[in-house]
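First up is the structure itself, then whatever we jot down about it.
Just so you know, ligand 1 is whichever comes first in the structure, and atom 1 is the first atom listed for that ligand.
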Amino acid sequence: MYTLEELKVFVHKCRRCPLWKNRTNVVFGEGNPEADIMLIGEGPGFYEDKTGRPFVGRAGKLLDKMLESVGFKREEVYIANIVKCRPPNNRNPYEEESEKCLDFLRWQVKIIDPSIIVCLGAVSARNIIDKDFRITQSRGVWYTKGKFHVIATYHPAALLRDESKKIDAWKDLKSIREKYNEIMDKNKLKG
Ligand code: URA
């Protein structure tokens, strides 16, 4: 079993797909290494590539507010992406790129061992829940994947483009908070 730091060293050297050629920085992911909640986006954008940190641009600022609205601090969760290098012009990652990078994400999940995984947007949900996932139809639904409770909600960038989606995103956030409380209560009972 690797540590997150060991894994990070591998990922920073990665040349498994052509996305390495245009990257300024690898965006490995960040947050609490013992987080109960892991949020998984699609891939780095312009500011993430420049800084090497996930969700620091406009969508990231909104994500911080979304988390705060249900009482989570960014520092207490872990935030990662399906692909760790920025796709040109922020296009969706190609299947081959996601597949090659998913190995790293699987290791991250194994090490962090969260109770809840939140897929941000369709690209994330298609890689984690089901390859035919439809975000408008199936967001807000809880899935069980092995020992993980998994849910998908809109990507914050989608909420910036279409504010009407915020009502449903808010429902999803409340559902995530409820599930989290439920799990924490159960864990307390177990001692
Ligand atoms: N969008 C993503 O999916 N991930 C980021 O890190 C930033 C924007």
Side-chain angles (χ1 to χ4, degrees), residues 4 7-8 11-12 14 16-17 19-20 22-33 35 37-69 72-109 112 114 116-131 133-136 138-140 150-163 165-166 168-169 172-173 176:
L4 272 183
L7 183 64
K8 198 170 180 176
V11 180
H12 276 256
C14 179
R16 289 184 179 188
C17 87
L19 290 182
W20 73 270
N22 292 312
R23 73 183 172 216
T24 315
N25 284 294
V26 170
V27 180
F28 178 72
E30 67 179 24
N32 175 5
I37 303 188
M38 209 168 153
L39 299 149
I40 301 175
E42 179 180 320
F46 178 84
Y47 292 103
E48 289 76 22
D49 175 67
K50 288 281 170 260
T51 57
R53 299 181 55 209
F55 282 98
V56 290
R58 262 184 90 213
K61 300 271 177 297
L62 178 57
L63 180 62
D64 291 350
K65 281 195 198 148
M66 288 162 69
L67 289 170
E68 276 168 26
S69 74
F72 292 120
K73 292 196 196 82
R74 184 181 169 109
E75 310 82 72
E76 71 185 293
V77 302
Y78 195 93
I79 306 177
N81 282 305
I82 297 292
V83 293
K84 314 296 195 218
C85 299
R86 184 187 181 209
N89 305 314
N90 297 347
R91 66 157 167 76
N92 286 355
Y94 297 143
E95 220 174 286
E96 313 85 79
E97 295 161 351
S98 306
E99 267 169 24
K100 297 219 163 107
C101 217
L102 273 174
D103 250 3
F104 298 135
L105 184 64
R106 288 194 193 99
W107 273 107
Q108 280 174 303
V109 171
I112 295 160
I116 295 172
I117 295 177
V118 180
C119 301
L120 297 170
V123 169
S124 173
R126 286 184 190 142
N127 279 284
I128 292 169
I129 302 173
D130 185 292
K131 68 174 182 23
F133 196 89
R134 304 280 298 272
I135 195 84
T136 42
S138 304
R139 48 138 283 280
V150 186
I151 192 171
T153 189
Y154 288 120
H155 191 289
L159 302 178
L160 289 172
R161 285 192 297 268
D162 178 359
E163 294 235 330
K165 291 190 164 90
K166 284 189 176 173
D168 283 335
D172 301 341
L173 288 165
I176 294 162

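- No salt bridge links Asp64 with Lys61; every basic N to acidic carboxylate O contact stays at or beyond 4.0 Å.
- Side-chain contact check for Gln108 and Lys84: at least one donor-acceptor pair (N or O, by modelled atom type) lies under 3.5 Å.
- Sorted by chain then number, the residues whose non-hydrogen atoms approach ligand 1 to under 4.0 Å are Gly41, Glu42, Gly43, Glu48, Pro54, Phe55, Asn81, His155.
- A donor-acceptor pair under 3.5 Å is formed between the side chain of Asp49 and the backbone N or O of Thr24.
- Between Glu97 and Arg91 a salt bridge is recorded (basic side-chain N to carboxylate O distance below 4.0 Å).
- Cation-pi geometry between Lys131 and Phe133 is not met at under 6.0 angstrom from the ring centre and within 45 degrees of the axis.
- Partners of Glu30 under the salt bridge (charged side-chain N to carboxylate O under 4.0 Å, His left out) rule, at least two apart in sequence or in another chain, are Arg53, Arg74.
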